[in-house]
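Written out below as structure tokens is the structure these notes cover.
Only a predicted model underlies this, so the values are computations on that prediction, with no experimental measurement involved. Just the heavy atoms: all of them, side chains too, but no hydrogens, waters or symmetry mates, feed the values below.
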Amino acid sequence: MSTVVLIGAQWGDEGKGKVTDFLAQQADMVVRYQGGNNAGHTVVARGRTFKLHLIPSGILHGDKMCLIGNGVVIDPAVLLQELDSLESQGISTANLRISPRAHVIFPYHKSIDMAEEEQKGNKRIGTTCRGIGPAYTDKASRAGIRVAELMDREELAEKLRDALEAKNKLLARVYGSEVQFDYREMLEQYNEYADRLRGYVDDVSILVNRAIDRGQKVLFEGAQGTLLDLDHGTYPYVTSSHPVAGAACLGAGLGPTKINTVVGVAKAYITRVGEGPFPTELHDRLGDHIRERGCEFGTTTGRPRRCGWFDAVIARYAARINGLSYLAITKLDVLSGLDTLKICTGYRYKGEVINEFPAGLKVLAQCEPVYREVPGWREDISGVRRYNDLPQNARDYIERIEEMAGVPVALVGVGPGREQTLVLQNIF
Ligand code: GDP
Ligand code: IMO
Ligand code: MG
């Protein structure tokens with residue numbers, strides 16, 4: 001049995017797409033288990049850049065089964081666009097399967113997402129406005145429409161009628177919105193989507209468990225990151241799903257006894273997009289420098305990402321919440337050329353140093369990072385292919401991270417390309 005769950009150990013955009021694509025070389029199956037097209041996973045392969053939102057990052061290999069589990073929320077328009085775009089670039093999507101238990105995003109979810117953000121004003125979350133929160137809300141309140149119902153014309157006709165009646169009212173009366181949706185139009189549109197997607201629908205739980213029983217290698221690709229988790233993140237500045245490792249079981253339909261290894265992906269620094277507290281955020285020119293050098297602009301929304309120093313309090317927290325076996329540290333190349341680097345080792349709160357990530361947002365907002373300074377390196381490391389060929393100070397930096405996080409580093413990224421990955425330990 002060889003299963004690996006790969007998760008974001010920070011606030012998302014850690015480079016999960018790239019690391020998934022790298023590990024997928026050895027895997028038979030890649031599975032998305034939560035989130036939706038709020039995710040933007042970049043893979044640079046064969047000299048081309050691919051941005052994937054819903055389809056697992058293993059798709060570029062051609063011969064891997066790629067599954068979208070029940071825990072994902074699917075916008076069929078986006079999924080079809082992604083399928084068309086891959087096919088037009090000569091990448092086969094024949095190995096994609098989607099769970100009939102996954103919930104479907106409708107246009108009213110996006111309108112509600114936007115209306116809620118507008119209503120919150122300066123207390124907004126800074127969501128991706130992709131309808132993710134409202135779709136998960138419907139799921140939890142048992143008002144959602146799943147892929148299974150989408151595929152059944154009669155059921156869809158009935159469920160959509162009920163849903164639209166409620167959502168049009170909600171939009172007009174609660175949010176004062178002028179947006180109203182037409183039932184016939186939407187039904188026709190979604191029937192078309194259903195016809196195009198029908199061939200991809202299959203029982204993901206059965207496929208995953210069979211693959212594991214046959215001894216195949218299965219890689220679970222998390223979206224978002226630990227600090228955006230609905231339970232364990234910086235609530236309410238979080239997403240509405242569970243990006244943590246435990247959710248892989250729930251979101252794909254397998255038991256926890258079937259998971260071997262958990263890999264946390266973290267940048268050599270840290271970023272966040274959207275609102276919410278961020279202790280090591282750099283508001284100065286250094287933050288701008290990292291944003292420019294690291295091309296820190298959102299894959300999904302294009303928004304500039306907030307940048308800061310590596311936070312070992314968060315790394316330890318992610319290690320505990322996810323049970324990390326290894327870390328994959330990405331974007332080490334971005335830190336080249338800085339004289340001194342800082343790693344946050346703890347937080348100073350009301351004069352005392354705390355080492356654990358606090359639950360209270362007010363507490364977190366008042367936390368001052370305690371830094372350890374380490375020397376940087378000047379060399380461009382993007383051409384390095386073996387860990388031992390990195391400058392001594394770069395290796396020392398990685399070793400400090402290992403020591404402070406209490407987790408061994410298995411992979412180091414020195415550029416966006418598949419080949420720009422240094423292997424310290426084999427994961428599969
Ligand atoms: P994800 O959401 O976790 O998959 O991450 P994103 O794709 O949203 O953002 C990560 C960005 O960093 C992408 O543009 C990647 O191509 C890029 N990237 C990933 N690893 C590295 C690395 O080691 N070095 C550099 N310079 N870029 C990287
Ligand atoms: P990947 O998989 C970074 C953030 C949004 C917002 C909050 C809630 O590419 O790492 P939502 O639309 O989910 O309700 O927004 O979560 N967010 C992400 N930030 N990377 C992501 O995905 C994200 N998905 C959502 O910016 O702060
Ligand atoms: Mg991303």
Side-chain angles (χ1 to χ4, degrees), residues 1-9 14 16 19-20 22-35 39 56-58 64-73 95-103 136 139-140 146-148 201-226 228-233 239 241-266 315-328 405-411 425-428:
M1 184 169 96
S2 194
T3 50
V4 175
V5 178
L6 179 147
I7 57 98
E14 297 90 348
K16 298 175 294 295
V19 180
T20 299
F22 180 79
L23 291 177
Q25 298 177 106
Q26 289 167 276
D28 299 291
M29 185 178 264
V30 185
V31 188
R32 276 280 307 268
Y33 60 87
Q34 47 71 232
S57 302
K64 317 292 178 189
M65 285 305 294
C66 286
L67 313 184
I68 299 181
N70 57 279
V72 175
V73 285
N95 286 335
L96 178 75
R97 300 289 181 275
I98 59 181
S99 169
R101 294 182 176 86
H103 279 248
Y136 278 116
K139 175 177 176 175
R146 305 177 306 164
V147 170
V201 180
D202 205 342
D203 194 313
V204 164
S205 167
I206 294 178
L207 294 174
V208 169
N209 281 279
R210 262 195 210 140
I212 294 172
D213 292 345
R214 279 201 300 264
Q216 291 194 320
K217 292 177 177 160
V218 181
L219 175 60
F220 296 89
E221 177 183 6
Q224 289 81 51
T226 303
L228 290 171
D229 185 273
L230 187 55
D231 275 69
H232 299 287
T239 191
S241 75
H242 296 286
V244 298
C249 293
L250 208 58
L254 71 160
T257 50
K258 300 280 169 74
I259 304 294
N260 297 128
T261 305
V262 181
V263 178
V265 185
R316 283 194 296 272
Y317 182 67
R320 169 159 55 83
I321 299 292
N322 297 288
L324 295 186
S325 321
Y326 300 109
L327 275 169
V407 180
V409 172
L411 300 172
Q425 302 215 31
N426 280 322
I427 288 175
F428 266 118

(request) Evaluate the side-chain proximity of Y33 to I7: yes if any heavy-atom separation is below 4.5 Å, no if none is. (result) yes
(request) Keeping the roles fixed (side chain from Q34, backbone from A223), state whether a donor-acceptor pair exists under 3.5 Å. (result) yes
(request) Ignoring hydrogens and angles, tell me if any N or O in the side chain of T3 forms a donor-acceptor pair with the backbone of N260 under 3.5 Å. (result) yes
(request) Taking side-chain contact (heavy atoms from CB on, under 4.5 Å) as the test, write out the residues that go with P256, two or more places apart. (result) C249
(request) Enter the distance from D28:CG to K64:NZ here, rounded to the nearest 0.5 Å. (result) 6.5 Å
(message) Can you give me the closest heavy-atom contact between A318 and L324, atom names plus distance?
(response) O-CG, 3.8 Å
(request) Considering non-hydrogen atoms only, spot the tightest contact between G8 and K16 and give its length. (result) N-CD, 3.5 Å
(message) Do Q224 and T239 pair up side chain to side chain, a donor and an acceptor below 3.5 Å, judged on atom types alone?
(response) no
(request) First locate atom CD1 of I68, then atom CD of E221, and finally report the distance between them rounded to the nearest 0.5 Å. (result) 10.0 Å
(request) Indicate yes or no for a side-chain donor-acceptor contact from Y136 to the backbone of G35 under 3.5 Å, with no hydrogens or angles considered. (result) yes
(message) Quick check against the 3.5 Å criterion: does N322 have a side-chain atom that pairs as donor or acceptor with the backbone of V244?
(response) no
(request) Could you tell me whether the side chain of M65 reaches within less than 4.5 Å of the side chain of V204, counting heavy atoms only? (result) no
(request) Check whether any side-chain heavy atom of H242 lies under 4.5 Å from a side-chain heavy atom of L250, and answer yes or no. (result) no
(request) To the nearest 0.5 angstrom, please state how far the OG1 atom of T261 sits from the CG atom of L219. (result) 10.5 Å
(message) Tell me the closest heavy-atom pair linking H232 and Y317, and the distance in Å.
(response) O-OH, 2.7 Å
(message) To the nearest 0.5 Å, what is the distance between OG on S2 and NZ on K258?
(response) 14.0 Å
(request) Kindly indicate whether the side chain of N70, heavy atoms from C-beta on, has any atom under 4.5 Å from the side chain of V147. (result) no
(message) Could you tell me if the side chain of P243 sits less than 4.5 Å from the side chain of T226, heavy atoms only?
(response) no
(request) Provide the closest heavy-atom pair for C66 versus P56 in the form atom of the first, atom of the second, distance. (result) CB-CG, 3.9 Å
(request) Enter the distance from L230:CG to S241:OG here, rounded to the nearest 0.5 Å. (result) 7.5 Å
(request) State which residue, out of V19, V30, V262, I427, fulfils the side chain to side chain contact (heavy atoms under 4.5 Å, CB included) condition with L6. (result) V19
(message) Among residues at least two apart in sequence or on other chains, which ones pass salt bridge (charged side-chain N to carboxylate O under 4.0 Å, His left out) with D203?
(response) R101
(message) Within the 4.5 Å heavy-atom criterion, are L23 and L411 side-chain neighbours or not?
(response) yes
(request) Could you tell me which non-hydrogen atom of A24 sits nearest to which non-hydrogen atom of G58, and how far apart they are? (result) CB-CA, 4.0 Å
(message) Testing the basics here: between V208 and F220, what is the closest heavy-atom pair and its distance to 0.1 Å?
(response) CG1-CZ, 3.9 Å
(message) Restricting to salt bridge (charged side-chain N to carboxylate O under 4.0 Å, His left out), what partner residues turn up for R320, sequence neighbours left out?
(response) E356
(message) Let me confirm one number: the CD1-CZ distance from I206 to R97, rounded to the nearest 0.5 Å.
(response) 13.0 Å
